[in-house]
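Beneath this line is the structure, given in structure tokens, with notes to follow.
Every chain is numbered from 1 and lettered A, B, ... according to where its sequence line falls, protein lines coming before strand lines.
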Amino acid sequence: MNWRYFSTMKPRYEPQTFEEKWVGEWEAAGIYQAADKPDPARKRFVMEMYPYPSGDLHMGHVENYSIADAMARYWRMRGFEVMHPMGYDAFGLPAENAAIKRNIHPREWTDRNVEFMRSSFRRLGFSYDWNRELITCDPEYYRWNQWIFLKMRERGLAYRKTSPVNWCPVDKTVLAKEQLSTGVCWRCGSEPEIRELTQWFLKITDYSDRLLDEMEGLRWPESILNQQRHWIGRSRGAEVVFQVKPKNTEETIEVPVFTTRPDTLWGATFFVLAPEHPIAEQIAAGTEIEESFRSFVDEVKKQTQVERESGEGTRKGFALPAVAINPVNGEEMPVWSADYVLMGYGTGAIMAVPAHDQRDFEFARQHGLPVTVVIQPEGETLVGEDITEAYSGPGVMVNSGPFDGTVVFPETQDGVDRVIDWLTEEGRGKPSINYRQRDWLVSRQRYWGTPIPVIHCDQCGEVPVPYEDLPVRLPDEVDYSVEGEEAASPLANNPDFVNADCPQCGRAAKRETDTLDTFFDSSWYFLRYCDPANDQEAFAPEKVASWCPVDQYVGGTEHAVMHLIYARFFVKVFQDMGLLDFPEPFLSLFNQGSVSLGGAEMSSSKGNAIDAAEVIERYGADSARTFILFCSPPAADYDFPADGMDEIGRVAHSWLSRVWRVLSEVSQESAAASLEVVVNRTVKVVTADMEESGFNTAIARLMELVNEFSKLDGPVPRSAAETFLKLLAPIAPFITEELWRGYGNETSIHSEAWPSYDETLIQQESVTMVVQVNGKVRERFQVAPTITTAEMEALALQSERVKAHLDGSPKKIITVPPRLVNLVV
RNA sequence: GCGGGCGUAGCCGAAUUGGUAUAGGCGCCGGAUUUAGGAUCCGGUGGGGAAACCCAAUGGAGGUUCGAGUCCUCUCGCCCGCACCA
């Protein structure tokens, strides 16, 4: 006997008629709300990188959230307490630029977009705990930015210094080193100018070693870890002091150099100072080359990074009137200034060993400087005049005084360390470690950000705003127009904001007018999710302790050395402050692939996007989600065909329609044994797929099961149908709920337990055994999975088809129960 | 140049990690049903053959192995990240 469960059943799948209804019901039932104190053994903190609130949402965005939501829903069904929050990275340049362009306030623009994003996310059925939503431009959020900033300042981790910094002329603000991609501004692509400015920095370099060493246990894509390792760029070597003698004076100047190859010290044939090096200027000062040197420096400075790259091969140099003394053998060598030596790395000065460093080699050949070989590779004798490139591999030290005959392996430091020890004993040098990473420049000359809570007083200097006065609120009035010679924030135009009393002496003083980089906001928002309404502290340590660290983080690769390093840094600082007791914020990181359309990056503003709202309107939210999870492995890139919108209809909507047709009507009869086996096997493989985030293959398995269902004579047995719906629920939450409730279930499918499977049932299924002769398949049998080796061999040898390829008895028989027999003749 | 990754059907992609290559889907071809459909259902879809059956193929060339998409060597092509880091 069959039941038709839908008295008013619509024959067609029309998701628009029921999807929205469930959003409200789920929220009313509170099924996605996370407790403050979960069972620590059964908790999962799942989150995606929170979005910048923009006014549109396309299928590229949908992928990120669909992946995380499928994970969150799966784990919830697996019995975990799941926290899956959402928030908005609501400060920042785009809001300000858009506001200027449209002549509205950034807050208005932002609020509108937040409202749009929130309703889009609800419509897509993402299982967020909306009670934890946060918006970073909310004073109740950014006051804790200010609190953290002041705490860091107390610990000496936030400080101001004057230095050459990158200033983007289009965005009209300074940039952190991390925000230059290939030498240009990461947002707008313009070439930055170098300006000498006083800026706020965070001392992230104090944490370089921990950032490097503590990443080891993270379940992150190797490429991200590698990018971070390279970004931090720790290199071990020695610092060696050279005596530099300008020709026009008797005095000598001590100039330290950093080298990773102190074993090549005896091969140093010249000495190079960066053009910006103050000692280079000192040497030139008052000599006849002073003018020409200055124009050389100007010429080098004029070059941007991009130009320096294009001018590859020519190494500009300037011979300075000085000699340097090699501390290992007392030999004099000429002193040069050259563009390839950077002031920003090491000490800004190098010993040049052209025989063993390619850059030094090129410079030496171009400027006629000597090349002395001091490392001979095995089985070869290099001659300085003849070689055509530097040799940097392992070998035996020669012409190296006490170290002649020492074998060195630069890769492993073998031999090199002996030289460092010797230098240290002799007082000529010491071990040294250098980092590529620089301190994080966090001040920005923009309005729409967190005001830096500092007051500048003529009497007292730099005075922190007292904690009880936080937050320092952004004023509503803003005048972006005025721009002086000095890079200044629009806040500087607002006298009501700027003028303040010094908290220490009470006299008239001026507020800091720069705001914080928005990466400051995102460095700790995951902690705030644990305690979003706390007005006494940034977060209650016990709440963070019960949910953090984040178990699964989902996002793109673009933040490899920005957000993902900054957040790690903050957590380590909080650990030192005793606010939490774990070293790393994100245990597992999943990078979704990029989504493009017709080979070009999806972008609504460029008119090259598949709009999520349009997909929902035409096919429903489930189709959007199912398509994006099915079209390719979630970590792989996917390029939509030109008719991408139709493709979603052909693939996802038509399959869900089929699901609808096949499962609208179910039978109360129990499933036949053969169907039970198929269902159990499906549970097994889909579970394995979900564990590995293999959503595309999970959907493929579910498609196979639907194909099986449709081969049945009558309606699908209810138990089988419900198992299927549970497996599909994390991916397509609406259709599964609609059908599930249609069967008469009174509570949500999303609160159901994930189906289990019976392995013994799966073992009853016959499998195909193949018989190969010399590796070629000649016969197949359906056999029980429990078949023995002897049975397999017997079966194989009795086959006529096999005998036809056999000339006598096989030399060797390989069996792999229960799948394969290979006969070797 | 350095680091990471990829190359399987016309297209997106599977392949228990060394064991039936091409699951699932799109597209295409054929059939059924329908007043009609760009709907639905069924079947086919590397090549040859009526069929039994035979042969080829995972960018290319070698190698290890009873057996290689998977491991090794070389090579070609593409994508991403970093750019003189001493």
Does the [N] base have a donor-acceptor partner in the side chain of [X] within less than 3.5 Å?
X        : N     : value
A:Arg780 : B:U20 : yes
A:Arg12  : B:U40 : no
A:Arg315 : B:C84 : yes

Paired with B:G7 by Watson-Crick or G-U wobble geometry, both distances under 3.5 Å: which nucleotide is it?
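Because both required distances fall under 3.5 Å, B:G7 counts as paired with B:C76.
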
Regarding A:Asn707, tell me which of base, sugar-phosphate or nothing describes its non-hydrogen contacts under 4.0 Å with the strands shown.
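Touches sugar-phosphate only.
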
Within the side chain of A:Arg778, is there an N or O that forms a donor-acceptor pair under 3.5 Å with the backbone of A:Val771?
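Answer holds: no.
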
Tell me whether the centres of the aromatic rings in A:Phe519 and A:His559 are closer together than 6.0 Å.
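Aromatic pair counts; centres sit under 6.0 Å.
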
Aromatic ring centroids of A:Trp655 and A:Tyr619 under 6.0 Å?
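For A:Trp655 and A:Tyr619, the ring centres are not under 6.0 Å apart.
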
Plane angle bin for A:Phe363 and A:Tyr340 - parallel if under 30°, tilted between 30 and 60°, otherwise perpendicular:
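The rings of A:Tyr340 and A:Phe363 sit tilted, inter-plane angle from 30° to 60°.
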
Using the C1' atom as the reference point in each nucleotide, state the distance between B:G60 and B:C78 in Å, no decimals.
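Between the two C1' atoms, the distance is 15 Å.
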
How far does the P atom of B:G30 sit from the matching atom of B:G47, given to the nearest Å?
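That atom pair is separated by 16 Å.
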
Can you check B:U17 for me, syn or anti if syn means within 90° of 0?
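Classified syn.
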
